[in-house]
Amino acid sequence: MSNKKNRRRAAAPQAKGYSEAGASLTRRALKGFVPDSGAPNEDINRNNATLRQRARMLYMAAPVATAAINTNRTKVIGTGLTLKASVDREVLDISPEAAKKWQHAAEMEFRLWAGKKQNCDALGLNNFESLQQLALKSWLLSGDVFALVKRYPATPLNPYSLRLHIVEADRACTPSEYGGGVTIGGYVEGKIPEGKPGAGHKVYDGVEVDGNGRVVAYHISNTYPHQITSEPQKWQRVEAYGAKTGLPNILHIMDSERPDQYRGVPYLAQVIEPLLQLRRYTESELMAALVQSFFTAWIETETDPSDTPFNEVGAGDIAGVPAEVNADGGPLANNISEDDNEYEMGPGTVTHLAPGEKVNFGNPNIPTAGFETFVKTLCKLIGSALELPYDVLIKEFNSSYSASRGALLEAWEAFKMRRKWFVDDFCQPVYEMFLAEAVALGRINAPGFFTDPLVREAWCGARWIGPVQGSLDPKKEAEAALMLIDNAIKTHEQVSREMSGGDWEENVEQLQRENELLAQAGGNKVTVVSASPKEGDGNGD
């Protein structure tokens, strides 16, 4: 017997490392948990069409999903990210005064183009700030969004040809003729045949890549996948960059979560199921509360149930049904029936029951007692997945100052990150294309712009100013900012930008002009105050 046990021990494989932990295939809890992940184009692209439709539906019908998308739109973009030109003076070897003058001229030229919808939007519907909002929301809803670069003839009021056409993710797809028979749920992947531009390149959901995996072109359809139209579907191949200028012909705004990923994932993808179940639960509770709010009564009778039923409640006052009239031809008060075999309830009415009948009234109950607690818990889980603390997602700040501030700070980190991504993918490339045209037209003087890439990069320097972080206690936060300035941890420029989105030098100049006006009017001057170190704290002279 002991020999059998020894043989069994010898035959059993030795479990090592994660094979007895998260990789175990024998533990009861993990035996049925055997995922099979594939390449990004298999795991993401083949499911993106379904994810987009569900994410959009939840945005339109689930309040929590709507709040998540709109909160990002408002905090990341707000009324729009504003250009603040910031050239590198050391590389360009120009004085601060010359740099400031050039920056102001560049900002004014950009405002001429970006401020009017007919100047910057290929469709003539949105100015540049509104295009930012549209692009960000489309990115979050669909996983990615595209901006086609088009050129229109100049006009007397707009010397620039640059126009942007925002294209939704659905229209970037693989041409059916390139499918090679591989079609999965509306997703087509394939290879460009010989005789076509880009022959031999692979196309992943509309993104064409070369043998090195580098994106070289995009394929844009003229119609949406499920659009009802008599127009035949056609595709336009758009090269990623111009062969002569090197400028982008199309901008692709997305967030990569895996290597070799060519299409983005909707922002709501990971929380689609809990959002849908939360919507169903809240709708069922709403319907239950609505039904229970009705004043319901039952009439008990001793009448033989096999007889023809009488004493039924009438239809009442229904739209399209004439009101009942009395013997004189006039309408009955409150439209209450005079039929002895019909009961109706109305204000100020008295009804006599037949012998053997009595009335029982329903007892309305409130909705489920744990409804609020359950919804809050689910919203906290959804918010954590979306990097939106519950307080920010639901806009409910009932906690302490420290807790509410912590929630705002945590959310702001995610907003800043998405703003940086958006600037890199959309705002900055657009500005560089605009600046190249402005220099080529001679409207802006930038020596060396087209001859030296380093000089060009120095001229293209810019910051994009957007909504600033909210403040729960402005006095405390202002005092903290002054302490950071006094200890050289932050500069006046940094604090001005973070707390108000303004420019410190412009603020000082404006204060100087205001002080002059106040002095002329006999008023008190406004001074720039910084925090003074307390005695004995080691920071004094």
Does the plane of the ring in [X] sit parallel, tilted or perpendicular to the ring in [Y]? Use 30° and 60° as the thresholds.
{"X": "Tyr160", "Y": "Phe434", "value": "tilted"}
{"X": "Trp113", "Y": "Phe110", "value": "tilted"}
{"X": "Phe426", "Y": "Phe128", "value": "parallel"}

Could you tell me whether the side chain of [X] and the main chain of [Y] form a donor-acceptor pair under 3.5 Å?
{"X": "Asp144", "Y": "Gly264", "value": "yes"}
{"X": "Gln133", "Y": "Gly78", "value": "yes"}
{"X": "Asn249", "Y": "Val238", "value": "no"}
{"X": "Asn47", "Y": "Asp43", "value": "yes"}
{"X": "Tyr262", "Y": "Gly213", "value": "yes"}
{"X": "Lys416", "Y": "Glu413", "value": "no"}
{"X": "Arg54", "Y": "Leu268", "value": "no"}
{"X": "Arg263", "Y": "Asp205", "value": "yes"}

Inset, instruction - Evaluate the criterion ring pair (Phe, Tyr, Trp, His ring centres under 6.0 Å) for residue pair Phe146 and His165; output intermediate values, then yes/no. - result: CA-CA 8 Å; Phe146 301 85; His165 184 183; over 10 Å; no

Legend entry - Sole candidate of Asp255, Leu134, Asp425 that passes side chain to side chain contact (heavy atoms under 4.5 Å, CB included) when paired with Trp139: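 Of all the options given, the one that passes is Asp255.
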
Legend entry - Residue among Leu141, Thr74, Leu58 satisfying side chain to side chain contact (heavy atoms under 4.5 Å, CB included) with Ile69: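 Single pass found, and it is Leu141.
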
Inset, instruction - Identify the residue among Arg171, Gln233, Gln236 that makes a side chain to side chain donor-acceptor pair (under 3.5 Å) with Ser221. - result: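 Result for side chain to side chain donor-acceptor pair (under 3.5 Å) with Ser221: Gln233.
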
Inset, instruction - Please name the residue in the list Lys234, Gln227, Glu231 that meets the side chain to side chain donor-acceptor pair (under 3.5 Å) test with Asn222. - result: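 Single pass found, and it is Glu231.
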
For a quick check under 3.5 Å, do [X] and [Y] share a side-chain donor-acceptor pair by atom type?
{"X": "Arg89", "Y": "Ser95", "value": "no"}
{"X": "Glu208", "Y": "Tyr218", "value": "no"}
{"X": "Asn72", "Y": "Arg418", "value": "yes"}
{"X": "Tyr59", "Y": "Lys137", "value": "yes"}

Inset, instruction - For the pair Arg151 and Glu437, evaluate salt bridge (Lys or Arg N to Asp or Glu O under 4.0 Å) and give the outcome as yes or no after the intermediate values. - result: CA-CA 11 Å; Arg151 298 290 175 176; Glu437 183 176 5; 2.9 Å; yes

Inset, instruction - Answer yes or no: is there an ion pair linking Lys196 with Glu194, defined by an N-O contact shorter than 4.0 Å? - result: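 Salt bridge: no.
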
Inset, instruction - Before giving the answer on salt bridge (Lys or Arg N to Asp or Glu O under 4.0 Å), spell out for Lys150 and Asp121 the whole-Å C-alpha distance, their side-chain angles and the decisive distance to 0.1 Å. - result: CA-CA 9 Å; Lys150 296 184 175 181; Asp121 187 2; over 6 Å; no

